[in-house]
Amino acid sequence: MELPTLASLERSIGGRPRLEETMIRMSFYLSPAEAQALKSQARAQSLPVSQIVRRIVQEYLSGIAK
């Protein structure tokens, strides 16, 4: 009897496929005003807060590398 592989089990369950590039959770603090402004921007752009933060960090880091 041949057992199914883990990958085939995950596909058959219908779970979300694993990302090639994993994310790492980071915690940081904002003032209430900063948090509210960030949430407002996220709602206005229909984007998750984390995606906006990632974009800001990527722009900042690309500016440092130059």
Side-chain angles (χ1 to χ4, degrees):
M1 179 173 141
E2 189 175 326
L3 295 175
T5 65
L6 184 57
S8 67
L9 282 175
E10 284 182 346
R11 277 191 305 262
S12 68
I13 293 172
R16 209 167 65 176
R18 290 188 182 263
L19 295 174
E20 292 295 322
E21 185 176 315
T22 59
M23 298 285 190
I24 297 173
R25 181 180 299 266
M26 300 199 68
S27 298
F28 56 92
Y29 294 92
L30 300 173
S31 71
E34 291 167 334
Q36 187 57 44
L38 184 56
K39 289 178 184 179
S40 294
Q41 282 297 313
R43 274 193 297 275
Q45 296 179 29
S46 299
L47 294 173
V49 169
S50 60
Q51 188 172 357
I52 292 175
V53 172
R54 279 194 304 273
R55 283 184 182 174
I56 293 168
V57 170
Q58 288 168 353
E59 289 174 14
Y60 178 79
L61 292 176
S62 69
I64 289 176
K66 293 181 179 179

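We count residues from 1, following the sequence as given.
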Inset, instruction - Flag yes if Tyr60 and Val53 sit in one hydrophobic cluster, no otherwise; membership is Ile, Leu, Val, Met, Phe, Trp, Tyr, and two members link when side-chain heavy atoms are under 4.5 Å apart. - result: yes
Legend entry - From Arg54 atom CZ to Gln58 atom CD, the distance as rounded to the nearest 0.5 Å: 7.5 Å
Inset, instruction - Taking all non-hydrogen atoms of both residues into account, name the closest pair between Ile52 and Ala42 and its distance. - result: CD1-CA, 3.3 Å
Inset, instruction - Group every Ile, Leu, Val, Met, Phe, Trp and Tyr by side-chain heavy-atom contacts under 4.5 Å, then state whether Phe28 and Ile64 land in the same group. - result: yes
Inset, instruction - Look up atom OG in Ser50 and atom CZ in Arg25, then write down how far apart they are to the nearest 0.5 Å. - result: 9.5 Å
Legend entry - Hydrophobic cluster identity match, Ile24 and Val49, side-chain contacts under 4.5 Å: no
Inset, instruction - With rounding to the nearest 0.5 Å, note down the distance linking CD in Gln45 to OG in Ser40. - result: 11.0 Å
